[in-house]
Amino acid sequence: MMLDAKIPEGPLAEKWNKHKFNLKLVNPANKRKYDIIVVGTGLAGASAAATLAELGYNVKAFCFQDSPRRAHSIAAQGGINAAKNYPNDGDSVYRLFYDTIKGGDYRSREGNVYRLAEVSVNIIDQCVAQGVPFAREYGGLLDNRSFGGAQVSRTFYAKGQTGQQLLLGAYSALNRQIQAGKVKMYTRSEMLDLVVVDGKAQGIVTRNLITGQVDTHSGHAVLLCTGGYGNVFYLSTNAMGSNVTAAWRAHKRGAFFANPCYTQIHPTCIPVTGDHQSKLTLMSESLRNDGRVWVPKTVELAERLRKGELKARDIKEEDRDYYLERKYPSFGNLVPRDVASRNAKQVCDEGRGVGKSGLAVYLDFADAISRLGQPAVAAKYGNLFDMYQQITDENPYQVPMRIYPAVHYTMGGLWVDYNLMTSLPGLYSLGEANFSDHGANRLGASALMQGLADGYFVIPYTVGDYLANIGPAPIDANRPEFAQTKAEVEERISKLLSLKGTKTVDEYHRDLGHIMWEYCGMSRNAEGLKKAKGMIAELRDAFWKNVIVVGENEEVNQSLEKAGRVADFLELGELMVDDALNREESCGGHFREEYQTPEGEALRNDNEFAYVAAWEFKGNNMPEVLHKEQLVFENVKLTQRSYK
Amino acid sequence: MSNFSKTFSSTLGKKLVMSLTGLFLCVFLIVHLIGNLQIFKADDGLAFNQYAHFMTHFPPIKIISYLLYLSIIVHSVWALILTRRNKAARPIGYAIKPKDGSIWSSRNMGILGTIIFIFIVVHMSNFWFKYHQGYTPFVEYQTNLKTGETTTRVLDASEFKEYVTYVDNGIQITQSEDLYKEVYTAFQQWWLVLFYVIAMAALAFHLIHGFQSAFQTLGWNHRKYFPIAKFVGLWGFGILIPLAYVAMPLYVFLTNL
Amino acid sequence: MSGHMNLTLKVWRQKNSTTPGKFVTYKANDISPDMSFLEMLDVVNEDLVKKTEDPIHFDHDCREGICGMCSLVINGEPHGPKRATTTCQLHMRSFADGDTIVIEPWRAAAFPVVKDLVTNRSAFERIQQAGGYVSISTGGVPDANEIPIPKPVADEAFSSAECIGCGACVAACKNASAMLFVSAKISQYALLPQGQPERYARAEAMVLQMDEEGFGGCTNTYACEAQCPKEIKVTNIARMNREFFNAELIKS
């Protein structure tokens, strides 16, 4: 099968406009005859559901949380990029496009990214009109800040809670449509499978998390806005409930999964304290603007720090290695996320890590405090320092913070074309759940932008084209595929419930996380990946024999919910390893040790790997088939990133 | 009209009624106190009895007094209605009493209010009822307008027809119900004095929370002016006024030991 | 870190909304002070699952204090003893070895128990659906800088908008009143110019829906403010009252 990304012809800046004109429209009177299923109610899902309902479609929206506003978009801190150029500092749609393509290490589509930059300006207008209280200047206009090493100030923010405010905005739009009767909201409902009829997505199977009831829902189109799969690593900055199940089930029904190995490891997270740890907490990377990253120069000193014989302040200046400043004199502590993370791992692997576990590096504010004074530092980072102290019981004004990288975002996801349609007709994927816009590495403050761009400004146009083509005839929910898929879901549930082994779901999940982190984390190599592949397969077999799932289906059963999600992670993990093995180059978040420059930097191979790896599921325990979508760069020149 | 019934049947509407009646009762407390303070005048109760007469016979005050009775009843009944709703909002309580950072009085307005309500009933049946039914003793004051000297004479019920005051031969003669004496006698009973002390303490706590709370309910919590309401609520209505009220029975009781 | 703790937990267990619940005592042994409260419960649950017993169900998701899903009344206090902290951000170092900890669900008629410590907070959803939005559709909106908003106003709207809708205010209030939540939502829009066109209709609709859901009234104890993990202020309640009375008695 040939993958057609359906990127419109013509100059970059005109593609989207032209494409919008070429898309078919649905007659206004016919819109109410279409049902659209939206799974997930984060930024992408809530904005899509609200907007489609405003247009007149009947929307059924689903989330597993008790409220749409709990989706994990809510936890995004830093901000949202938009090429508004309000500060008059040289930003433009083209610059945002260029920065995003470059930041993604040239592994994303020019057409998609340009469109993202183009509609970014509309997002801000939309959110402000909804009553999102962005930060403002004294003159009453919107404030911008520079974020993630960008050279222009294009990030709009609402303190450290931008995601929350944007999600509440989208949620309010969703509420309006629920009240109007155009959206039927199903909370505490988890999608467990996709119904495919005649090669088209026509419905989903859900489990009501209160009653255990398994239901089918039909629709003319299905939109998966279900977020990323970072929890495959067990520990991540994702929410506890974040999972891949919806996307993975769709993948198994025919949707290709693209670039699964691209995961973003965020450098400034609070280190793990023990096996009990259930999730990792991110601290805004703005901390790196003033904090200096260091470890001791020698393993011996690091050991004494780990044992508690020495304190950080006891290490003399000449015994400290400010390794980012040393290796990257021009960018210093502000190197991109992937570079900062990899270097932290490297020094820890050398045995120079600090903290009890040795898996941490210092982020030191002593210089900033003596230069700016404690009040100035507190004004900038007070809430982050408080959060750090809350969690670690250490005062970062007095002792350096300990930080370590953590899984944060997954650039990979369901393959989609320019219309956000997956390889399965009628099935769309939006936001982090798709792979489309961030290439191999996502820039800070771009996740919120993409989620809302997809939901507010892309899908309302593109879904209409498909709907107009298939026509408004009702979907026949009596087709045997519905009952068949439902039966398969129920069978899987009973199978899970019949498992009464000796190991808990969390233990398997933790084991999987260890494998993924060790072999498919910040840096990977062929040998490790091959080893991991076998280990994951073994673990998966063990899981299906020896896991304990308690309780029954007809009740609230968090044990069962978790088991289903981990079972899917156990399959996804292997595909991630396959993808990482296949991609014999280093790019963005994917670092293959075999492919690095003499200085230890990521070495891309544009001749052989400037493609999207889209994987097709062929059956359980069968190797997945790789389809390559070549990336065409007509506007930007591919260069090696350098931060020296 | 349906808009009004919708408004006042809402919880906020009911709270509006509570705050307005409460503030009205607070105003009454000031007026009542000013009158009652006449008891401290060393004139054998002349000024006090004149005030009592004025309050019961001046028509505008009479109208206001009916409003007052209505306020007491509405304030109490609405409190009951709201309390019922509030109790129903949490059918199963906590095993551990919440430590919620609130002040004690704010959580116990119902109990405090009940004590005050009982007090009002006792107080009114002691004085208001007897006064209105003419069960009080009677008195005649003769004031020499030149010297200012006053003599007092107890009147028999048969001698008293109605409240009169006139000047005869340079002497101001006032015949009146002697509420002063009624009060004076009553406050020589220690248990009644104790009851008054308790009731005034309840009033103090009720108002420490209630006065400023009324402003919050009305939505008048301006950042500059709300602290004034809080100050007046605490020092004026929470401390000064109850102290002044309780000073009367204590004064009478202690000076007659 | 050293100093692991042994604790006794008294946890409310309730099979579903129709079955009466009761307290069950559990031991939580070898608890690290670095654990969050929910991680401590995870440990207890792992033990229960290994014994194929039903784990203690509680709501949680982001575990970084922003989604508003976690709850729990811990020793009589919503979100536990630490101020301005959600349960997921409460760490075990706030407790001492040998402590007995009583864990209960939010208690309110409007928040029926779903299972154990999980409650149904959909009443909050319906209140927001009643009017917690600006009636504009996607597209066709003015430029974001078209209407300047004074910084103090924007900041105040933001501080109201910080509400995470966890329901701790209801749990803390002796009347199970939802006024802090509802007023924060009404305030955000009442303050911003974008909220003006529907300002009074919104206040009316949301207040009436709040009553409809069976929450208690406000007696201004301000327990809600003291227990709110996001420190939402009761000045919001005064504003709501003002908006509602204006809506009902003056503007309509």
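From a predicted model like this one, the values you see are computed outputs, not experimental measurements. Values below: all heavy atoms of this structure, side chains included; hydrogens, waters and symmetry mates excluded. Residue numbers start from 1 in every chain, and the chains themselves are labelled A, B, ... in the order their sequence lines are given, proteins ahead of strands.
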Item to complete: Identify which part of Gln177(A) has an atom lying under 4.5 Å from any heavy atom of chain C, answering side chain, backbone, both or neither.
Response: neither
Worksheet item: For Tyr171(A), is it the side chain, the backbone, both or neither that has a heavy atom under 4.5 Å from a heavy atom of chain C?
Response: side chain
Practice prompt. Run the salt-bridge test on Arg69(A) and Glu125(C) with the 4.0 Å N-O cut-off and return the result as yes or no.
Written response: yes
Fill in: Asp42(C) and Lys279(A) ion-paired at < 4.0 Å
no
Practice prompt. Kindly compute the distance separating CG (Asp54(C)) from OG (Ser559(A)), expressed to the nearest 0.5 Å.
Written response: 8.0 Å
Worksheet item: Checking Thr502(A) against chain C: side chain, backbone, both or neither under 4.5 Å from a heavy atom?
Response: backbone
Worksheet entry | CA sep, side-chain torsions, deciding dist, call: Thr138(C), Glu54(A), side-chain hydrogen bond (donor to acceptor under 3.5 Å, both in side chains) | CA-CA 8 Å; Thr138(C) 305; Glu54(A) 286 162 8; 3.1 Å; yes
Worksheet item: Any ion pair linking Glu507(A) and Lys50(C) (charged N to carboxylate O, less than 4.0 Å)?
Response: yes
Worksheet item: Heavy atoms under 4.5 Å from chain A: which residues of residues 78-94 of chain C carry them?
Response: Lys82(C), Thr85(C), Gln89(C), His91(C), Arg93(C)
Worksheet item: Which region of His276(A), side chain (C-beta onward) or backbone (N, CA, C, O), has a non-hydrogen atom less than 4.5 Å from a non-hydrogen atom of chain C, or is it both or neither?
Response: both
Item to complete: Check whether Gln558(A) gets within reach of chain C through its side chain, its backbone, both or neither, counting any heavy atom under 4.5 Å.
Response: both
Worksheet item: Heavy-atom distance under 4.5 Å to chain C: side chain of Gln77(A), backbone, both or neither?
Response: side chain
Worksheet item: By a 4.5 Å heavy-atom criterion (distance strictly below it), what part of Gln165(A) contacts chain C: side chain, backbone, both, or neither?
Response: side chain
Discussion item. Looking at Lys84(A) and Asp143(C), is any side-chain nitrogen of the basic one under 4.0 Å from a carboxylate oxygen of the acidic one?
Written reply: yes
